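Numbering of residues begins at 1 and proceeds along the displayed sequence. Bear in mind the structure is a predicted one, so any value in this text is a computation, not a measurement. Counting starts at 1 for both ligands and their atoms, following the listed order.
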Amino acid sequence: MTMEPLRHIKPSVRSIAAYTLAARPAAVKLNQNENPYDLPDAVKERVVQKALARPWARYPEFDPRELIEQLAAFAGWRPDGVLAGNGSNELIEALLLVTVGPGTRVVIPEPTFTLYALLTRVLGGETIRVGLGPELEYQPEELRRVRRELSAPLTVVCSPNNPTGGLLAADELARLCEEADGLVAVDEAYHEFSGQSAVPLLARHPNLVVLRTFSKAMALAGLRVGYLLASPEIVREVNKARLPYNLDFFSEAAALAALAEWPVLRANVEKIVGARDDLLHRLYRIPGVRPYPSKANFILLELAEADPRTVFESVYRRGVLVRDVTSYPRLQRCLRVTVGSEAENETFLSALRHALEERRFARA
Ligand SMILES: *Cc1c(COP(=O)(O)O)cnc(C)c1O
């Protein structure tokens, strides 16, 4: 008989492309919104020592109690309303697993982080896209209308939004939560750079879910730690879809160390925020470049005339890797650049200027 095992994969899965990122070595890596400032060596050393003092043959704790308590204190929320995960993406998945089935409608802004739609499709759900405004800003009224008209069980907003950098204001978020009891998940992967968080709204909005990560401001992308904050009732349900022992002891120890190191990390965040605003101002002055205002650690750039893929390759030849976001809806003319160290940002600006000049010469 002819074997066709692939016909047993769900059509909704066969029809989508995987979330991938081609690995490209670069001296200046500004493509994944990582933190340019690594944890101090002494802190890493302590984490390694802690790991060496523990048997590796034994499972980690079922519930990482100490981390949960520290996260609760850090975020200003109750411990029974905290769930820790192997990166916040894992918790986004767990949340979708307990809310989305065939035909479930999930409201998301567009453009935004692609994972929400991808996982929704894998689960057989349907995404309802609400476009950002003419300046790529959130359209809270439109979000409220769509959510209300569809009685949407779940709305996912990313604030600050990746890859555009815009915020959904806290009062708008509160109004969104108030209008219907559908869950509202806010992905706060970049909140430390924005000075705004939805956490103070949790006490009044039992349908609000906040997702956070250690991968950006906390400088721990390599160790995969994230957390979810919500009412204890919601946390109890999402926890059912969490895989047992999802957080290994090494990552837990590193997350605890990063929390203890927050004063140092916060100073780095402030440095990055200063560098972002500086970079933004300098980009405004480059003809043919339109940077969008950002409250995160990256900037979206629109190129008026130059082909973004050509510019991408040209800055790459000068050692700078940025993110090509031209495949996102409405961003056909855009690149996204992570705010790096001061030296990295200088290298990027110079590479960008060269790339745009090259183009002028080629045309002349
Ligand atoms: C980087 C990022 C995350 C972080 O995911 P982890 O799994 O915690 O590394 C989450 N959401 C968005 C929108 C991001 O850009």
Side-chain angles (χ1 to χ4, degrees), residues 18-21 29-36 39 64 67 71 74-75 82-97 106 108-120 127 132 136 138 154-168 184-194 196-198 209-229 238 241-243 246-248 250-252 254-255 258-259 265 269 272 276 292 294-300 322-325 328 331 334 336-340:
Y19 180 90
T20 55
L21 182 63
K29 191 173 174 300
L30 301 177
N31 68 331
Q32 285 188 287
N33 303 339
E34 293 148 324
N35 199 314
L39 280 179
L67 181 61
L71 286 171
F74 181 72
V82 180
L83 205 55
N86 182 12
S88 65
N89 288 340
E90 186 201 38
L91 298 168
I92 294 172
E93 181 196 53
L95 177 66
L96 291 170
L97 281 171
V106 179
I108 57 171
E110 179 171 272
T112 192
F113 192 44
T114 52
L115 192 69
Y116 318 136
L118 181 102
L119 292 174
T120 299
T127 53
L132 298 178
L136 296 178
Y138 269 109
L154 177 65
T155 302
V156 183
V157 293
C158 183
S159 179
N161 189 36
N162 179 6
T164 57
L167 270 179
L168 180 63
V184 177
V186 185
D187 186 342
E188 287 198 340
Y190 302 97
H191 79 96
E192 294 95 336
F193 306 101
S194 77
Q196 182 190 295
S197 172
V209 179
V210 179
L211 294 140
R212 287 181 169 184
T213 181
F214 275 66
S215 300
K216 311 286 160 56
M218 307 303 274
L220 224 53
L223 288 176
R224 320 298 306 124
V225 182
Y227 57 113
L228 177 152
L229 305 156
V238 177
R242 176 177 71 100
L243 292 177
N246 59 332
L247 195 64
D248 64 86
F250 199 95
S251 300
E252 186 195 359
L259 286 174
L265 290 166
V269 165
I272 294 166
R276 173 195 70 203
Y292 283 86
S294 169
K295 290 291 176 191
N297 68 338
F298 55 82
I299 295 173
L300 182 75
V322 299
R323 186 64 153 259
D324 174 0
V325 291
Y328 283 69
L331 307 185
C334 296
R336 190 195 70 191
V337 60
T338 303
V339 179

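One N or O on the side chain of Ser294 and one on the backbone of Ala296 form a donor-acceptor pair closer than 3.5 Å.
For Gln32, no heavy-atom contact with ligand 1 is shorter than 4.0 Å. Using a 4.0 Å cut-off between heavy atoms, Lys216 contacts ligand 1 through its side chain alone, with no backbone atom that close. Of the heavy atoms in Asn162, only side-chain atoms (C-beta onward) come closer than 4.0 Å to ligand 1.
Taking 4.0 Å as the cut-off, Asn33 does not count as a neighbour of ligand 1 on heavy-atom distance. For the ligand labelled ligand 1, residue Tyr116 lies inside the 4.0 Å heavy-atom shell.
Using modelled atom types, one finds no donor on one side chain facing an acceptor on the other under 3.5 Å when comparing Arg323 with Asn33. Judged purely by distance below 3.5 Å, without hydrogens or angles, the side chains of Ser197 and Glu188 pair a donor atom with an acceptor atom.
For the pair Ser88 and ligand 1, the shortest N or O to N or O distance falls below 3.5 Å. Looking at Ser215 next to ligand 1, an N or O pair under 3.5 Å apart turns up. Residue Tyr190 places at least one N or O, backbone or side chain, under 3.5 Å from an N or O of ligand 1.
Contact atoms of ligand 1 toward Arg224: 6 (P), 7 (O), 9 (O) (distance under 4.0 Å to a heavy atom of the residue). Those atoms of ligand 1 with a heavy atom of Phe113 less than 4.0 angstrom away are 11 (N), 12 (C), 13 (C). Per-residue contacts place Ala189 under 4.0 angstrom from the following atoms of ligand 1 (heavy atoms of the residue considered): 2 (C), 3 (C), 10 (C), 11 (N), 12 (C), 14 (C). Every atom of ligand 1 is numbered from 1 in the order shown, and the set under 4.0 Å from a heavy atom of Cys158 is 13 (C).
Close placement of the Tyr190 and Phe298 rings is indicated, their centers lying within 6.0 Å of each other.
Between Ala94 and Val238, the closest heavy-atom pair is CB-CG1, 3.8 Å.
In this structure the side chain of Asn89 reaches within 4.5 angstrom of the side chain of Phe113, judged on heavy atoms. In this structure, the side chains of Tyr292 and Pro163 stay at 4.5 Å or more apart for every pair of heavy atoms. In this structure, the side chains of Tyr227 and Leu67 stay at 4.5 Å or more apart for every pair of heavy atoms.
Remark: Lys29 NZ is packed, more than 12 non-hydrogen atoms of other residues, nucleotides or ligands lying under 6.0 Å away.
The closest protein non-hydrogen atom to atom 11 (N) of ligand 1 is Asp187 OD2, 2.7 Å.
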